[in-house]
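Side chains included, hydrogens not; waters and symmetry mates left out as well; all remaining heavy atoms used. Order of the sequence lines sets the chain letters (A, B, ...), proteins ahead of strands, with each chain counted from 1.
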Number of protein chains: 2
Amino acid sequence: MSYVHLFRRYLREQGLPVTQQREAVAEVVFESGGHLSVDEIEGLLRERGEKTGKATVYRTMEMLVKSGLVAERDFGEGFKRYEHLFGQMPVHGHLICEECGGVTEIQEVELKRIQDRVAALEGFAPARYRLEIFGLCAVCRAAGHELEWKGLSCPIERV
Amino acid sequence: MSYVHLFRRYLREQGLPVTQQREAVAEVVFESGGHLSVDEIEGLLRERGEKTGKATVYRTMEMLVKSGLVAERDFGEGFKRYEHLFGQMPVHGHLICEECGGVTEIQEVELKRIQDRVAALEGFAPARYRLEIFGLCAVCRAAGHELEWKGLSCPIERV
DNA sequence: CACCTATGGAGAATGATTCTCAATATCTAA
DNA sequence: TTAGATATTGAGAATCATTCTCCATAGGTG
Ligand SMILES: [Mn+2]
Ligand SMILES: [Mn+2]
Ligand SMILES: [Zn+2]
Ligand SMILES: [Zn+2]
């Protein structure tokens, strides 16, 4: 099934033209399950025979994020990644393996609850959450890789 | 009191020369309480009469982060910020006000515990944590600012 | 269909970060 | 303390993701 009609509706609500390029970008993102970079989105568009300029992809991603249908991520690679939120909790974090680069979703509701509680303590109204935990995934651990502390030998106290 | 001797120790442990520039950068960062950008660090060095090149600041920040004495942050501004970890929990998050840009520290131990629990469920070994919550701070709320949903009018379910 | 306006795209511009390389500063051992 | 071996510095070039510019063209309206 297609979710593009939701993006179309958003564009109309905002009085923005529904163009072929905008629909193509949304389709490619909605059909993918992963966390896509702009380069990867361009590649998928090319595979489908669409000739969409890089600037248009960037502009459309901005709209998709504003619409709330897509979230922007940063896994510390030097560029952004995007994922649609269909079938996912809009507030979810990521476990990122520093060995293999694999990404695992954190979908625990409990995490949002405590984050909200802490924010409320400060009188803060949360709008957007970002949680990323970098380390070693189960597969890489099983393969014998290990985390090793390469910093100061007797560091300041760690919690 | 000065913490620079810890960085000096780290450099010696790694067999790296202790240079005037490295000490100057560490001093400036250790003496500041905030979340500093590379530009701000350069400014502070200039105020002290040090002539340290931008490249050296970047290189030294990388070492300070590797040593574990300093953490790298990204508040979505398009550049990195750095803070020393003396007197703070090494695992702490940030509340970032989208109206005024203010940053509040989240020092709750409970947050690390549940993050670790969730990671453990996946067999993941955590090494580095990043939690940022964007929204409206108490001051801006009191001043009448409000969060408003500008996305799709009838969005997908939100948790 | 025809008009008006906003978009699309190629390539230039931007800006943070990294790289290059010759002139120095640091380290070590005598 | 000095000399020699080695690593660092810093100015500016290079990189690279992202944004901007501008005009030919597509989308919306009636
Ligand atoms: Mn995800
Ligand atoms: Mn902090
Ligand atoms: Zn892995
Ligand atoms: Zn504020």
Side-chain angles (χ1 to χ4, degrees), chain A residues 4-5 7-29 35-46 48-67 70-82, chain B residues 4-5 7-29 35-46 48-67 70-82:
Chain A
V4 185
H5 69 281
F7 185 45
R8 236 177 260 133
R9 182 148 68 77
Y10 171 77
L11 292 172
R12 295 215 178 90
E13 282 178 3
Q14 304 290 315
L16 297 166
V18 176
T19 67
Q20 296 194 322
Q21 288 89 336
R22 286 173 185 172
E23 292 195 323
V25 171
E27 268 169 26
V28 155
V29 173
H35 302 89
L36 299 173
S37 67
V38 166
D39 259 354
E40 289 165 350
I41 294 169
E42 279 195 286
L44 292 169
L45 287 167
R46 220 175 303 121
R48 290 171 48 139
E50 310 274 353
K51 305 181 230 311
T52 310
K54 195 186 294 285
T56 301
V57 176
Y58 276 103
R59 288 186 283 233
T60 307
M61 294 322 294
E62 193 181 327
M63 290 175 199
L64 283 165
V65 169
K66 276 194 185 141
S67 78
V70 165
E72 183 184 276
R73 308 294 181 195
D74 174 8
F75 295 159
E77 301 163 296
F79 51 84
K80 304 280 175 52
R81 289 185 176 275
Y82 299 88
Chain B
V4 184
H5 70 279
F7 185 44
R8 236 177 261 133
R9 183 145 69 77
Y10 171 77
L11 291 172
R12 295 216 179 90
E13 282 179 2
Q14 303 291 315
L16 296 167
V18 176
T19 66
Q20 297 195 321
Q21 289 89 338
R22 284 172 185 171
E23 292 195 323
V25 172
E27 268 169 27
V28 155
V29 174
H35 302 88
L36 298 173
S37 67
V38 166
D39 260 354
E40 289 165 350
I41 293 169
E42 281 195 283
L44 291 170
L45 287 167
R46 221 174 302 120
R48 290 174 47 141
E50 310 274 352
K51 306 182 229 310
T52 310
K54 195 186 294 287
T56 300
V57 176
Y58 276 104
R59 288 185 284 232
T60 306
M61 295 322 293
E62 192 182 330
M63 289 175 201
L64 283 165
V65 169
K66 277 196 185 138
S67 78
V70 165
E72 183 185 278
R73 308 293 181 195
D74 172 9
F75 296 159
E77 301 163 295
F79 50 84
K80 305 280 175 52
R81 290 186 175 276
Y82 300 88

May I ask you to test the [X]-[Y] pair for a side-chain heavy-atom distance under 4.5 Å?
X	Y	value
B/Q14	B/S67	no
A/M61	A/V29	yes
A/E50	A/V28	no
B/V65	B/Y82	yes
B/E42	B/D39	yes

Worksheet, complete the sentence: Protein heavy-atom contacts under 4.0 Å, written 5' to 3' over nucleotides 10-20 of chain C as B (base), S (sugar-phosphate only) or - (none), form the string B-----SBBBB
Discussion item. Testing B/T60, B/V25, B/V70, B/V18 one by one against B/F7 for a side chain to side chain contact (heavy atoms under 4.5 Å, CB included), which residue passes?
Written reply: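 Exactly one candidate clears the test, B/T60.
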Roughly, in whole Å, what's the span from [atom1] in [X] to [atom2] in [N]?
X	N	atom1	atom2	result
B/R8	C/dC27	CZ	C1'	16 Å
A/F75	D/dA17	CZ	C1'	17 Å
B/L11	D/dA7	CG	P	15 Å
A/R22	C/dA6	CZ	P	11 Å
B/E23	D/dT9	CD	C1'	15 Å
A/R46	C/dG9	CZ	P	13 Å
A/K51	C/dG9	NZ	C1'	13 Å
A/Q20	D/dA26	CD	C1'	8 Å

Discussion item. Counting only side-chain nitrogens and oxygens, does A/Q21 get under 4.0 Å of the OP1 or OP2 atom of C/dG9?
Written reply: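 Indeed, a polar side-chain atom of A/Q21 lies that close.
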Item to complete: Could you go through the side chain to side chain contact (heavy atoms under 4.5 Å, CB included) check for B/L44 and B/L36 one step at a time?
Response: CA-CA 10 Å; B/L44 291 170; B/L36 298 173; 4.1 Å; yes
Worksheet item: In this structure, which one of B/K80, B/R73, B/R81 forms a salt bridge (charged side-chain N to carboxylate O under 4.0 Å, His left out) with B/E77?
Response: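 Testing each of B/K80, B/R73, B/R81 against B/E77, the sole residue satisfying salt bridge (charged side-chain N to carboxylate O under 4.0 Å, His left out) is B/R81.
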Worksheet item: By salt bridge (Lys or Arg N to Asp or Glu O under 4.0 Å), which residues pair with B/E13, not counting sequence neighbours?
Response: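 If we apply the salt bridge (Lys or Arg N to Asp or Glu O under 4.0 Å) test to B/E13, skipping adjacent residues, the hits are B/R9.
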Worksheet entry | Any residue of residues 12-19 of chain A with a heavy atom less than 4.0 Å from an atom of DNA chain C |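 Listed by number, they are A/L16, A/P17, A/T19.
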